[in-house]
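Before any comments, here is the structure.
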Amino acid sequence: MHTALKLAKAISFSKGLRVGTLDGFERLIAGIYGRPDRVPVILQPYIYAMSLHGLSPQRFFREPAPFVHASYNTARYFGADSWTPVFDFYDIEAEALGQEFNWDVQMEPGVNKHNFLIKDRRDLLRLKPPVPGESGRMPYVLESYRLYKQIMNLAPMCYACAPFTLAVLVRGLQEFLVDMMEDPAFAHDLLEFLSMEVIVPWIRAMIRATGCAMVVMSDAQASPPIASPSMLREFCLPYVAKINRATSTPQCTVCDTGTWGEGMVNDLREVLDIKMAMMRGGNTMHSTRPYYLLVWQEDYDKVGIPAVRAYAEEQGVCLMLNTSPLLVGSGPAGAIADKVRALIREGAGKGRFALLINMVPPGTPVEHVHTAVAAARQFGRYPLARDIERMKFEMPAVEPFEQWVKKNGLPV
Amino acid sequence: MARNEKLFGAIIAGKKDAAVEAVSEAVGAKQDLEALLEESMIPAMKEIGDRFSRNEAFVPEMLVAARAMQAGLALIEPELAARGHKPLGKVCIGTVKGDLHDIGKNLVAIMLKGAGYEVMDLGVDCDAESYHKAVKEGAQAVLLSSLLTTTMTYMKTVMERLAEFPNVKVIIGGAPVTKEYADSIGAHGYAADAGGAVGAVSACLGRA
């Protein structure tokens, strides 16, 4: 079915016009706009997929076919409703600009912190923008998206690095933070260059190549306590809005997310407002956009789910909570099921809720991930059971991963 | 000696030039340098650390405060050393193997230096051997940092490697690290943030 028809079906379902059953993608869309049949589960296969398939970082993060196939196998094996091929999406623009990375690693590549690209203003003046889609690993990203689209018959959600975080990657965290304090004009010049000469052309190239409906910039560094709320208003929001204005279309939403830090401030609302401005800034047609409020476990454990739930409801957006990677990694299964039950009980309300399973540590027993997914399916059925606390969790039988891949998987 | 308000304020505000000027004036006036350090400079870093712990200051403010502190300290360190001034203790710090994140580790190192400790910064991606070597070189406390759930489990490996040094204290911290996890691997201390790390080290070394 064409994506537009699937969107229409999902949104209708979420508003109560329940025709037919939902597939995973439709469930996620229905969960973003309203109430689906059950809580949608998004899985980030990422380095867990790499480890399950015994792939090296050099292959996983450089070769589209093994990367996408391993991600597909992992997401499908666990029965996730939605997944996207998640690579080291912070690094692509920086690498395309010429920033050195360490590849001698067991997990994902990392910036060479002994040799940042921008050591002073002269380096910025010398810097040439990447060729969108051609520099660095941009071809790997576009080919991975093409493969995803071919396999899933669905345009992927695309990723970009947000300007604040990209500035940190090419300038160095401490250096950039001091720039903001002591040489703000330089910090602004760097952000302007990265936004308009690097990120905007790259986002346009991804939209052209994939026909995607959403590009998500990620911005983990734009978070308290790394920066104060006032710094984020000065050095983050204006550039996000500029990028969104330059790239967002009625068919494609561009936004900034991935930030954290609600638990690191005294004024929760101030930070949540900044988060929503990262989503909305520069976009138009707000009522139709798939906005969401993503709150990470470290933060909701501190501020409480009811507070962020109430804020999401007030803003009319979907609340997205992740499962604790540490808990999923360490278990035991009963504790994982109980945690998922609690997240759903406190967060899922009448809809507009999604559960994210992210950063599953390599080596995690597959039963732990199956437990998280199964618990979401069992406890997350709408309308939520009144006796959800008393419901007994039932773990379905689990087929060994290798056996499943042999029968149903794609070659890696 | 009363607190040098100009120096104290300059460090808190992260004004490096003003801090250097205030220290130069104090040196010129032949003020007691140990008292200057202990009653004005270290309290300034403690104050900014406390503000950080109360969510009233953020990392950039701590960074510029530390730079101001270090610039001022550079002027008096040779004289202090010549007079036999000793640090509170010797500690080592590093981000554990497989983890390249260093901002939290750097902040803790800054705060510890600011509090008067000698700090051996082992960098990132540190294996158990590097901590072991630092202890052999005199570190009384070992601080382990991790930002990833995938790497924090290595802290247990380090604990095991250091088991032969029963008097050395191990303090752990980092975004995914919890007090419960610290207890579960037998760490002697846990710090929820950079400001809290100084208190944890001081408590473990009996300097509180």
Side-chain angles (χ1 to χ4, degrees), chain A residues 46-48 51 101-102 104-114 168 172-182 220-221 223-232 235 260-261 263-267 271 296-299 301-302 324-330 358-364, chain B residues 13-17 48-49 51-68 70 95-107 109-110 123-125 127 146-156 174-178 180-181 184-185 192-196:
Chain A
Y46 199 47
I47 52 176
Y48 189 51
S51 73
F101 278 78
N102 290 322
D104 182 22
V105 288
Q106 293 176 326
M107 299 294 174
E108 68 261 89
V111 160
N112 179 356
K113 292 181 177 175
H114 300 296
V168 167
L173 179 56
Q174 285 174 224
E175 291 80 358
F176 184 63
L177 297 183
V178 173
D179 290 341
M180 289 194 297
M181 300 284 286
E182 297 183 349
Q221 303 288 356
S223 306
I226 294 174
S228 67
S230 65
M231 285 172 178
L232 295 177
F235 293 97
W260 49 277
M264 308 298 285
V265 294
N266 295 330
D267 185 349
V271 172
W296 302 105
Q297 169 256 325
E298 290 86 353
D299 290 311
D301 275 352
K302 285 184 184 166
S324 157
L326 186 59
L327 178 62
V328 172
S330 62
N358 69 316
M359 287 301 287
V360 179
T364 297
Chain B
K15 304 288 185 196
K16 194 165 64 176
D17 294 344
I48 197 79
R51 289 185 191 180
F52 185 80
S53 293
R54 296 196 301 265
N55 299 332
E56 293 167 1
F58 297 86
V59 173
E61 288 142 342
M62 289 195 38
L63 281 176
V64 292
R67 280 159 60 102
Q70 281 163 355
T95 308
V96 297
K97 191 176 171 183
D99 200 326
L100 303 176
H101 295 91
D102 61 1
I103 183 67
K105 183 265 298 172
N106 291 347
L107 275 177
I110 286 167
V124 298
D125 195 21
D127 61 13
S146 164
L147 195 83
L148 303 173
T149 51
T150 49
T151 57
M152 64 183 272
T153 50
Y154 190 74
M155 291 175 166
K156 189 163 183 275
V177 179
T178 61
E180 290 71 31
Y181 182 70
S184 75
I185 64 169
D193 59 47

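Throughout, a chain's letter reflects where its sequence line sits, starting with A, and its residues are numbered from 1.
Going from atom CD of A/Gln221 over to atom CD1 of A/Ile226 covers 4.5 Å, rounded to the nearest 0.5 Å. To the nearest 0.5 angstrom, B/Leu63 atom CG is 7.5 Å from A/Leu173 atom CG.
Comparing A/Gly329, A/Pro361, A/Ser324 by heavy-atom pairs within less than 4.5 Å of chain B, the highest count is held by A/Pro361. Per-residue counts of heavy-atom pairs under 4.5 Å with chain A were compared for B/Gly14, B/Pro60, B/Gly104, B/Ala57; the largest is that of B/Pro60.
Side-chain contact check for A/Leu177 versus A/Gln174: every heavy-atom pair is 4.5 Å or farther apart.
Here A/Phe176 pairs with A/Phe164 under the ring-ring contact (aromatic ring centres under 6.0 Å, His included) rule; sequence neighbours left out. With sequence neighbours excluded, the residues that form a ring-ring contact (aromatic ring centres under 6.0 Å, His included) with A/Phe235 are A/His188.
Contact annotation for B/Phe52: only side-chain heavy atoms (C-beta onward) come within less than 4.5 Å of a heavy atom of chain A. Only the backbone of B/Arg54 comes within contact range of chain A, with heavy atoms under 4.5 Å apart. Both the backbone and the side chain of B/Asp102 come within contact range of chain A, judged by heavy atoms closer than 4.5 Å. In this structure, no portion of B/Met62 lies under 4.5 Å from any heavy atom of chain A. Contacts of A/Gln297 with chain B are absent, with no heavy-atom separation under 4.5 Å from either backbone or side chain.
Of all non-hydrogen atoms in A/Pro325 and A/Met359, the two that sit nearest each other are CB-O, 3.4 Å.
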